[in-house]
Protein chains: 2
Amino acid sequence: MSQETGDEDDFAAQANLQAIMEKRRRRRESHNAVERRRRDNINDRIQELGTLLPESMTAEEGGVARLNKGTILRKSVEQIRMMQKDLRDYQQRVRELEETLNQLNHQNSSRRARNTTTTTTRMQQHV
Amino acid sequence: MSQETGDEDDFAAQANLQAIMEKRRRRRESHNAVERRRRDNINDRIQELGTLLPESMTAEEGGVARLNKGTILRKSVEQIRMMQKDLRDYQQRVRELEETLNQLNHQNSSRRARNTTTTTTRMQQHV
DNA sequence: GGGAGCACATGAGCTA
DNA sequence: TAGCTCATGTGCTCCC
(Lines give C-alpha, C1' and ligand atoms only; values in the text may rest on other atoms or scores of the structure.)
Protein backbone atom coordinates (compact mmCIF):
# COMPACT_ATOMS: atom_id res chain seq x y z
CA MET A 1 0.00 0.00 0.00
CA SER A 2 1.26 3.42 -0.89
CA GLN A 3 1.32 6.17 1.62
CA GLU A 4 -0.90 8.29 -0.60
CA THR A 5 -3.65 5.70 -0.58
CA GLY A 6 -3.45 5.58 3.15
CA ASP A 7 -3.75 9.33 3.37
CA GLU A 8 -6.69 9.34 1.03
CA ASP A 9 -8.41 6.73 3.14
CA ASP A 10 -7.65 8.77 6.20
CA PHE A 11 -9.10 11.87 4.62
CA ALA A 12 -12.18 10.04 3.46
CA ALA A 13 -12.68 8.45 6.86
CA GLN A 14 -12.12 11.79 8.53
CA ALA A 15 -14.64 13.53 6.30
CA ASN A 16 -17.13 10.75 6.84
CA LEU A 17 -16.71 10.98 10.56
CA GLN A 18 -17.13 14.75 10.45
CA ALA A 19 -20.32 14.37 8.45
CA ILE A 20 -21.69 11.82 10.87
CA MET A 21 -20.82 13.95 13.84
CA GLU A 22 -22.42 16.96 12.21
CA LYS A 23 -25.57 15.05 11.51
CA ARG A 24 -25.68 13.77 15.04
CA ARG A 25 -25.15 17.22 16.45
CA ARG A 26 -27.94 18.61 14.32
CA ARG A 27 -30.35 15.93 15.43
CA ARG A 28 -29.36 16.39 19.04
CA GLU A 29 -29.96 20.12 18.99
CA SER A 30 -33.28 19.72 17.21
CA HIS A 31 -34.29 17.17 19.79
CA ASN A 32 -33.31 19.52 22.57
CA ALA A 33 -35.41 22.31 21.09
CA VAL A 34 -38.47 20.10 20.75
CA GLU A 35 -38.07 18.83 24.26
CA ARG A 36 -37.75 22.34 25.62
CA ARG A 37 -40.97 23.38 23.88
CA ARG A 38 -42.73 20.38 25.39
CA ARG A 39 -41.47 21.25 28.86
CA ASP A 40 -42.46 24.88 28.49
CA ASN A 41 -45.95 23.89 27.43
CA ILE A 42 -46.44 21.64 30.44
CA ASN A 43 -45.05 24.26 32.80
CA ASP A 44 -47.27 26.96 31.31
CA ARG A 45 -50.32 24.80 31.87
CA ILE A 46 -49.38 24.13 35.46
CA GLN A 47 -48.84 27.84 35.97
CA GLU A 48 -52.25 28.50 34.44
CA LEU A 49 -53.79 26.02 36.85
CA GLY A 50 -52.15 28.01 39.61
CA THR A 51 -53.93 31.18 38.52
CA LEU A 52 -57.26 29.34 38.55
CA LEU A 53 -57.00 28.39 42.19
CA PRO A 54 -59.40 30.20 44.55
CA GLU A 55 -58.05 32.65 47.07
CA SER A 56 -58.92 30.31 49.90
CA MET A 57 -56.39 27.86 48.52
CA THR A 58 -53.58 30.12 47.45
CA ALA A 59 -53.59 32.05 50.71
CA GLU A 60 -51.48 30.25 53.24
CA GLU A 61 -51.63 31.12 56.89
CA GLY A 62 -48.82 33.37 57.92
CA GLY A 63 -47.64 34.62 54.59
CA VAL A 64 -47.23 34.00 50.93
CA ALA A 65 -48.34 30.67 49.60
CA ARG A 66 -45.55 28.54 48.22
CA LEU A 67 -46.84 27.60 44.82
CA ASN A 68 -44.50 25.03 43.43
CA LYS A 69 -45.63 22.52 40.82
CA GLY A 70 -46.49 19.84 43.32
CA THR A 71 -48.74 22.00 45.45
CA ILE A 72 -50.42 23.60 42.43
CA LEU A 73 -51.32 20.17 41.10
CA ARG A 74 -52.41 18.88 44.49
CA LYS A 75 -54.66 21.88 45.09
CA SER A 76 -56.05 21.67 41.59
CA VAL A 77 -57.14 18.10 42.20
CA GLU A 78 -58.65 19.21 45.48
CA GLN A 79 -60.44 22.13 43.84
CA ILE A 80 -61.95 20.04 41.07
CA ARG A 81 -63.28 17.57 43.63
CA MET A 82 -64.86 20.38 45.63
CA MET A 83 -66.40 21.98 42.58
CA GLN A 84 -67.87 18.67 41.52
CA LYS A 85 -69.51 18.36 44.91
CA ASP A 86 -70.75 21.97 44.81
CA LEU A 87 -72.25 21.35 41.37
CA ARG A 88 -74.10 18.29 42.62
CA ASP A 89 -75.42 20.29 45.59
CA TYR A 90 -76.59 23.13 43.37
CA GLN A 91 -78.25 20.71 41.02
CA GLN A 92 -80.10 19.14 43.93
CA ARG A 93 -81.12 22.54 45.31
CA VAL A 94 -82.46 23.65 41.92
CA ARG A 95 -84.46 20.44 41.65
CA GLU A 96 -86.02 21.04 45.04
CA LEU A 97 -86.91 24.64 44.26
CA GLU A 98 -88.45 23.74 40.93
CA GLU A 99 -90.43 20.99 42.53
CA THR A 100 -91.83 23.39 45.10
CA LEU A 101 -92.64 25.97 42.47
CA ASN A 102 -94.48 23.46 40.36
CA GLN A 103 -96.59 22.41 43.31
CA LEU A 104 -97.41 26.03 44.12
CA ASN A 105 -98.38 26.78 40.57
CA HIS A 106 -100.59 23.74 40.51
CA GLN A 107 -102.38 24.84 43.65
CA ASN A 108 -102.99 28.30 42.24
CA SER A 109 -103.81 27.16 38.72
CA SER A 110 -107.54 26.94 39.46
CA ARG A 111 -108.29 30.62 39.10
CA ARG A 112 -104.96 32.28 38.62
CA ALA A 113 -102.67 32.47 35.65
CA ARG A 114 -99.27 30.95 35.97
CA ASN A 115 -96.96 33.73 36.93
CA THR A 116 -93.70 31.90 36.86
CA THR A 117 -91.86 29.60 34.61
CA THR A 118 -92.30 25.95 35.27
CA THR A 119 -89.57 24.85 32.96
CA THR A 120 -87.11 22.44 34.40
CA THR A 121 -83.56 23.60 34.50
CA ARG A 122 -81.17 21.48 32.54
CA MET A 123 -77.67 22.73 32.80
CA GLN A 124 -74.37 21.55 31.59
CA GLN A 125 -72.74 18.88 33.63
CA HIS A 126 -69.05 19.32 33.26
CA VAL A 127 -68.18 16.91 36.00
CA MET B 1 12.48 15.97 51.50
CA SER B 2 12.58 12.31 52.19
CA GLN B 3 10.92 9.82 49.97
CA GLU B 4 8.86 8.55 52.89
CA THR B 5 7.33 11.94 53.40
CA GLY B 6 6.43 12.07 49.75
CA ASP B 7 4.76 8.70 49.93
CA GLU B 8 2.87 9.70 53.01
CA ASP B 9 1.69 12.81 51.27
CA ASP B 10 0.63 10.74 48.30
CA PHE B 11 -1.26 8.36 50.52
CA ALA B 12 -2.90 11.18 52.38
CA ALA B 13 -3.83 12.93 49.19
CA GLN B 14 -5.15 9.69 47.75
CA ALA B 15 -7.23 8.99 50.83
CA ASN B 16 -8.52 12.52 50.84
CA LEU B 17 -9.51 12.26 47.21
CA GLN B 18 -11.26 8.98 47.86
CA ALA B 19 -13.19 10.51 50.72
CA ILE B 20 -14.23 13.47 48.63
CA MET B 21 -15.31 11.24 45.78
CA GLU B 22 -17.25 9.05 48.17
CA LYS B 23 -18.99 12.03 49.69
CA ARG B 24 -19.82 13.40 46.28
CA ARG B 25 -21.20 10.05 45.17
CA ARG B 26 -23.37 9.87 48.26
CA ARG B 27 -24.76 13.33 47.75
CA ARG B 28 -25.41 12.63 44.10
CA GLU B 29 -27.34 9.44 44.77
CA SER B 30 -29.32 11.07 47.55
CA HIS B 31 -30.19 13.93 45.28
CA ASN B 32 -31.24 11.54 42.56
CA ALA B 33 -33.57 9.72 44.93
CA VAL B 34 -35.16 12.93 46.15
CA GLU B 35 -35.58 14.17 42.62
CA ARG B 36 -37.19 10.94 41.54
CA ARG B 37 -39.69 11.16 44.40
CA ARG B 38 -40.53 14.71 43.45
CA ARG B 39 -41.10 13.73 39.82
CA ASP B 40 -43.22 10.75 40.80
CA ASN B 41 -45.39 12.97 42.96
CA ILE B 42 -45.96 15.46 40.14
CA ASN B 43 -46.71 12.69 37.66
CA ASP B 44 -49.14 11.03 40.04
CA ARG B 45 -51.03 14.29 40.45
CA ILE B 46 -51.24 14.78 36.70
CA GLN B 47 -52.48 11.24 36.33
CA GLU B 48 -55.07 11.92 39.02
CA LEU B 49 -56.20 14.99 37.13
CA GLY B 50 -56.62 12.72 34.12
CA THR B 51 -59.02 10.48 36.00
CA LEU B 52 -61.09 13.52 37.04
CA LEU B 53 -61.77 14.58 33.48
CA PRO B 54 -65.36 14.08 32.29
CA GLU B 55 -66.12 11.49 29.64
CA SER B 56 -66.88 14.21 27.13
CA MET B 57 -63.29 15.30 27.33
CA THR B 58 -61.43 12.04 27.49
CA ALA B 59 -63.34 10.56 24.57
CA GLU B 60 -61.76 11.72 21.36
CA GLU B 61 -63.59 11.40 18.09
CA GLY B 62 -62.45 8.46 16.06
CA GLY B 63 -60.62 6.44 18.64
CA VAL B 64 -58.74 6.32 21.86
CA ALA B 65 -57.92 9.62 23.49
CA ARG B 66 -54.22 10.26 23.73
CA LEU B 67 -53.82 11.37 27.29
CA ASN B 68 -50.30 12.64 27.60
CA LYS B 69 -49.33 15.15 30.25
CA GLY B 70 -49.84 18.16 28.02
CA THR B 71 -53.38 17.28 27.02
CA ILE B 72 -54.36 16.26 30.54
CA LEU B 73 -53.24 19.64 31.84
CA ARG B 74 -54.83 21.52 28.96
CA LYS B 75 -58.16 19.78 29.43
CA SER B 76 -57.99 20.25 33.18
CA VAL B 77 -57.67 23.99 32.72
CA GLU B 78 -60.57 23.87 30.29
CA GLN B 79 -62.67 21.82 32.68
CA ILE B 80 -62.08 24.10 35.64
CA ARG B 81 -63.10 27.11 33.54
CA MET B 82 -66.30 25.34 32.47
CA MET B 83 -67.16 24.27 35.98
CA GLN B 84 -66.64 27.79 37.25
CA LYS B 85 -69.09 29.05 34.65
CA ASP B 86 -71.57 26.28 35.47
CA LEU B 87 -71.36 27.17 39.14
CA ARG B 88 -72.09 30.81 38.41
CA ASP B 89 -75.06 29.79 36.25
CA TYR B 90 -76.45 27.52 38.93
CA GLN B 91 -76.02 30.20 41.54
CA GLN B 92 -77.94 32.64 39.36
CA ARG B 93 -80.67 30.10 38.68
CA VAL B 94 -81.08 29.36 42.37
CA ARG B 95 -81.33 33.07 43.10
CA GLU B 96 -84.07 33.48 40.52
CA LEU B 97 -86.04 30.52 41.81
CA GLU B 98 -85.82 31.70 45.38
CA GLU B 99 -86.90 35.17 44.37
CA THR B 100 -89.94 33.79 42.60
CA LEU B 101 -90.81 31.59 45.53
CA ASN B 102 -90.59 34.48 47.93
CA GLN B 103 -92.92 36.55 45.80
CA LEU B 104 -95.41 33.71 45.57
CA ASN B 105 -95.32 33.15 49.28
CA HIS B 106 -95.88 36.81 49.85
CA GLN B 107 -98.90 36.86 47.59
CA ASN B 108 -100.40 33.92 49.40
CA SER B 109 -99.42 35.01 52.86
CA SER B 110 -102.68 36.86 53.39
CA ARG B 111 -104.78 33.82 54.22
CA ARG B 112 -102.51 30.86 53.69
CA ALA B 113 -99.65 29.55 55.73
CA ARG B 114 -96.24 29.47 54.16
CA ASN B 115 -95.79 26.04 52.75
CA THR B 116 -92.24 26.31 51.55
CA THR B 117 -88.96 27.41 52.87
CA THR B 118 -87.98 30.93 52.13
CA THR B 119 -84.43 30.59 53.25
CA THR B 120 -81.83 31.84 50.88
CA THR B 121 -79.36 29.33 49.65
CA ARG B 122 -75.76 30.10 50.46
CA MET B 123 -73.46 27.52 49.10
CA GLN B 124 -69.75 27.12 48.96
CA GLN B 125 -67.98 29.01 46.27
CA HIS B 126 -64.93 27.04 45.37
CA VAL B 127 -64.18 29.04 42.33
C1' DG C 1 -23.41 21.92 54.36
C1' DG C 2 -27.35 19.84 53.06
C1' DG C 3 -32.34 19.65 51.35
C1' DA C 4 -35.79 21.20 47.94
C1' DG C 5 -37.28 22.88 43.52
C1' DC C 6 -36.26 23.65 38.73
C1' DA C 7 -34.45 23.51 33.80
C1' DC C 8 -31.79 21.08 30.92
C1' DA C 9 -29.72 17.51 27.82
C1' DT C 10 -29.92 12.89 26.59
C1' DG C 11 -31.15 8.08 25.63
C1' DA C 12 -35.09 4.83 25.23
C1' DG C 13 -39.42 3.60 23.43
C1' DC C 14 -43.58 4.07 20.62
C1' DT C 15 -46.19 5.21 16.33
C1' DA C 16 -47.09 6.86 11.68
C1' DT D 1 -36.80 6.88 9.08
C1' DA D 2 -38.68 11.09 11.53
C1' DG D 3 -41.34 12.91 15.32
C1' DC D 4 -43.22 12.77 19.90
C1' DT D 5 -43.41 11.61 24.84
C1' DC D 6 -41.20 10.16 28.81
C1' DA D 7 -37.84 9.09 32.76
C1' DT D 8 -33.44 9.89 34.42
C1' DG D 9 -29.36 12.08 36.05
C1' DT D 10 -27.07 16.29 36.82
C1' DG D 11 -25.87 21.18 37.82
C1' DC D 12 -27.64 25.52 39.58
C1' DT D 13 -29.90 28.31 42.94
C1' DC D 14 -32.31 29.37 47.18
C1' DC D 15 -33.02 28.74 51.90
C1' DC D 16 -32.41 26.53 56.31
Side-chain angles (χ1 to χ4, degrees), chain A residues 12-81, chain B residues 12-81:
Chain A
Q14 191 82 358
N16 208 11
L17 202 79
Q18 290 273 353
I20 287 181
M21 294 282 280
E22 182 68 14
K23 199 144 202 161
R24 189 170 300 190
R25 188 188 63 89
R26 221 194 221 115
R27 191 168 58 92
R28 191 167 47 80
E29 287 181 357
S30 160
H31 179 36
N32 289 348
V34 169
E35 178 64 13
R36 175 157 46 243
R37 283 231 312 275
R38 174 182 161 275
R39 270 196 317 262
D40 287 348
N41 173 46
I42 291 180
N43 288 335
D44 286 351
R45 298 300 178 175
I46 295 182
Q47 219 53 33
E48 197 173 357
L49 279 178
T51 69
L52 290 177
L53 289 178
E55 293 279 338
S56 54
M57 279 185 174
T58 85
E60 200 75 9
E61 70 275 6
V64 188
R66 312 155 17 90
L67 282 193
N68 51 38
K69 296 191 202 176
T71 52
I72 287 182
L73 291 173
R74 181 163 44 82
K75 305 236 176 189
S76 291
V77 168
E78 196 182 339
Q79 187 202 10
I80 287 186
R81 289 230 163 89
Chain B
Q14 191 81 0
N16 208 9
L17 203 81
Q18 289 274 351
I20 288 181
M21 294 283 282
E22 181 67 13
K23 200 143 202 162
R24 187 169 302 190
R25 188 188 64 89
R26 222 194 219 115
R27 190 168 58 92
R28 191 167 47 79
E29 287 182 356
S30 161
H31 180 38
N32 288 349
V34 168
E35 176 66 12
R36 176 156 46 242
R37 284 230 310 276
R38 173 181 161 274
R39 273 196 312 262
D40 286 349
N41 173 43
I42 290 180
N43 288 335
D44 285 352
R45 298 300 177 174
I46 295 183
Q47 220 52 34
E48 199 173 354
L49 279 177
T51 70
L52 289 177
L53 289 179
E55 292 280 337
S56 55
M57 278 186 175
T58 85
E60 200 73 10
E61 69 274 5
V64 187
R66 312 153 21 89
L67 281 192
N68 50 39
K69 297 190 202 177
T71 51
I72 287 182
L73 291 173
R74 181 163 44 84
K75 304 235 174 188
S76 291
V77 168
E78 195 182 340
Q79 188 203 9
I80 288 186
R81 290 230 161 90

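Below, chains carry the letters A, B, ... as their sequence lines are ordered, and counting in each starts from 1.
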Is any side-chain heavy atom of [Y] closer than 4.5 Å to one of [X]?
X	Y	value
B:L73	A:L73	yes
A:N43	A:K69	yes
A:E22	A:R25	yes

**Request:** May I ask you to evaluate whether A:K69 reaches the phosphate of C:dA7, defined as a side-chain N or O under 4.0 Å from OP1 or OP2?
**Result:**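 Answer yes for this pair, as a side-chain N or O of A:K69 is under 4.0 Å from OP1 or OP2.
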
**Asked** Does the pair A:E78/A:K75 count as a salt bridge with the N-to-O cut at 4.0 Å?
**Response** no

**Asked** Salt bridge between A:E35 and A:R38, side-chain N to carboxylate O under 4.0 Å?
**Response** yes

**Request:** For atom CZ of A:R39, decide whether the heavy atoms of other residues, nucleotides or ligands shown that lie under 6.0 angstrom number more than 12.
**Result:** yes

**Prompt:** Which pair of heavy atoms, one from B:S76 and one from B:L49, lies closest together, and at what distance?
**Reply:** OG-CB, 3.7 Å

**Item:** Contact summary for A:I46 and A:I72, nearest pair of heavy atoms
**Value:**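 In this case the closest contact between A:I46 and A:I72 is O-CG2, 3.4 Å.
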
**Request:** Can you measure from OG1 (B:T51) to CD1 (A:I80) and round to the nearest 0.5 angstrom?
**Result:**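 Between atom OG1 of B:T51 and atom CD1 of A:I80 there are 9.0 Å.
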
**Item:** Separation between CD1 of A:I42 and OG1 of B:T71, rounded to the nearest 0.5 Å
**Value:**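 Reported value, rounded in 0.5 Å steps: 9.5 Å.
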
**Request:** Using a 4.0 Å heavy-atom cut-off, write out nucleotides 8-16 of chain C from 5' to 3' as B (base contacted by protein), S (sugar-phosphate only) or - (no contact).
**Result:** BBBBB----

[X] [atom1] - [N] [atom2] separation (whole Å):
X	N	atom1	atom2	value
A:N68	C:dA7	CG	C1'	15 Å
A:R27	D:dG3	CZ	C1'	11 Å
A:R37	C:dA7	CZ	P	17 Å

Under 3.5 Å, which N/O atoms of the protein pair with N/O atoms of nucleotides 13-16 of chain D?
none

**Nucleic acid contacts of residues 41-51 of chain A, taken as heavy-atom distances under 4.0 Å to DNA chain C** =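 Within residues 41-51 of chain A, the residues near DNA chain C are A:N43.
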
